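Report on one structure; see the data block that follows.
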Amino acid sequence: QLQACGGGLVQPGGSLRLSCLASGMIYSANIMGWYRQAPGKQREWVAKILNRGLPTYADSVKGRFTLSRDKNTVYLEMNSLKPEDTAAYCCWLNQRGTDTWGQGTQVTVSS
């Protein structure tokens with residue numbers, strides 16, 4: 001089970017922080033991260049991190065977003081937000097070839 005929180009309305013150039021806690025059966029090797037989906041667009045991968053390793057980012061957020069992890073919780077620090085970052089952000093866990101998705105949390109960047 002994935003429980004995400006954070007999100008909200010922010011002005012362009014602002015910052016937000018999302019967090020996601022994975023609970024239940026969590027295996028030692030897994031990947032956690034975030035996807036996002038804007039209205040009328042396909043789901044887009046944002047960032048991911050293995051339980052042991054460095055995060056990787058989509059080019060669209062590189063240098064602005066920072067993904068970190070503390071055991072079974074991931075944090076997505078989003079800075080210099082742009083209107084095009086507006087989307088529902090979904091937490092994701094992959095372990096043993098199985099994907100688990102959390103509920104989306106809305107991020108709206110608007111003046």
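We use all heavy atoms of the structure for the numbers below, so side chains are in, but hydrogens, waters and symmetry mates are not. In this chain, numbering begins with 1 at the start of the sequence shown. Note that the structure is a prediction, hence the values are computed from the model and not measured.
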**Q.** Centroid separation W101 to Y35 less than 6.0 Å
**A.** yes
Q | Steps toward side-chain contact (heavy atoms from CB on, under 4.5 Å) verdict (V107, L16) | A | CA-CA 8 Å; V107 172; L16 282 174; 3.8 Å; yes
Q.
Distance alone, cut at 3.5 Å: any donor-acceptor contact between the side chains of S60 and E44?
A. yes
Q. When hydrophobic residues are tied together by side-chain contacts of less than 4.5 Å, even through go-betweens, does L50 share a cluster with M32?
A. no
**Q.** Full working for side-chain contact (heavy atoms from CB on, under 4.5 Å) between L9 and S110
**A.** CA-CA 7 Å; L9 173 64; S110 175; 4.3 Å; yes
Q | All side-chain contact (heavy atoms from CB on, under 4.5 Å) counterparts of T56, not counting sequence neighbours | A | W45, K48
Q: Starting from the C-alpha separation in whole Å, work towards a yes-or-no answer on side-chain contact (heavy atoms from CB on, under 4.5 Å) for V61 and W34.
A: CA-CA 12 Å; V61 306; W34 294 89; over 6 Å; no
Considering only distance and modelled atom types, tabulate donor-acceptor pairs under 3.5 Å from the side chains of residues 87-96, sequence neighbours left out.
{"residue": "Y89", "atom": "OH", "partner": "R36", "partner atom": "NH1", "Å": "2.8"}
{"residue": "Y89", "atom": "OH", "partner": "D85", "partner atom": "O", "Å": "2.6"}
{"residue": "W92", "atom": "NE1", "partner": "D99", "partner atom": "OD1", "Å": "2.9"}
{"residue": "N94", "atom": "ND2", "partner": "D99", "partner atom": "OD1", "Å": "2.7"}
{"residue": "Q95", "atom": "OE1", "partner": "Y27", "partner atom": "N", "Å": "2.8"}
{"residue": "Q95", "atom": "NE2", "partner": "M25", "partner atom": "O", "Å": "2.9"}

Q: Decide yes or no on side-chain contact (heavy atoms from CB on, under 4.5 Å) for Y75 and L18, but give the supporting numbers first.
A: CA-CA 6 Å; Y75 303 93; L18 307 181; over 6 Å; no
Q) Counting N and O atoms only, with roles assigned by atom type, does the side chain of S80 sit under 3.5 Å from a partner on the main chain of G13, one being a donor and the other an acceptor? A) no
Q | Gap separating the CD atom of Q106 from the OG1 atom of T86, nearest 0.5 angstrom | A | 7.0 Å
Q | Joint hydrophobic cluster, I26 plus V74, side-chain heavy atoms closer than 4.5 Å | A | yes
Q. Would a 4.5 Å heavy-atom cut-off, applied to side chains only, mark L76 and M78 as touching?
A. yes
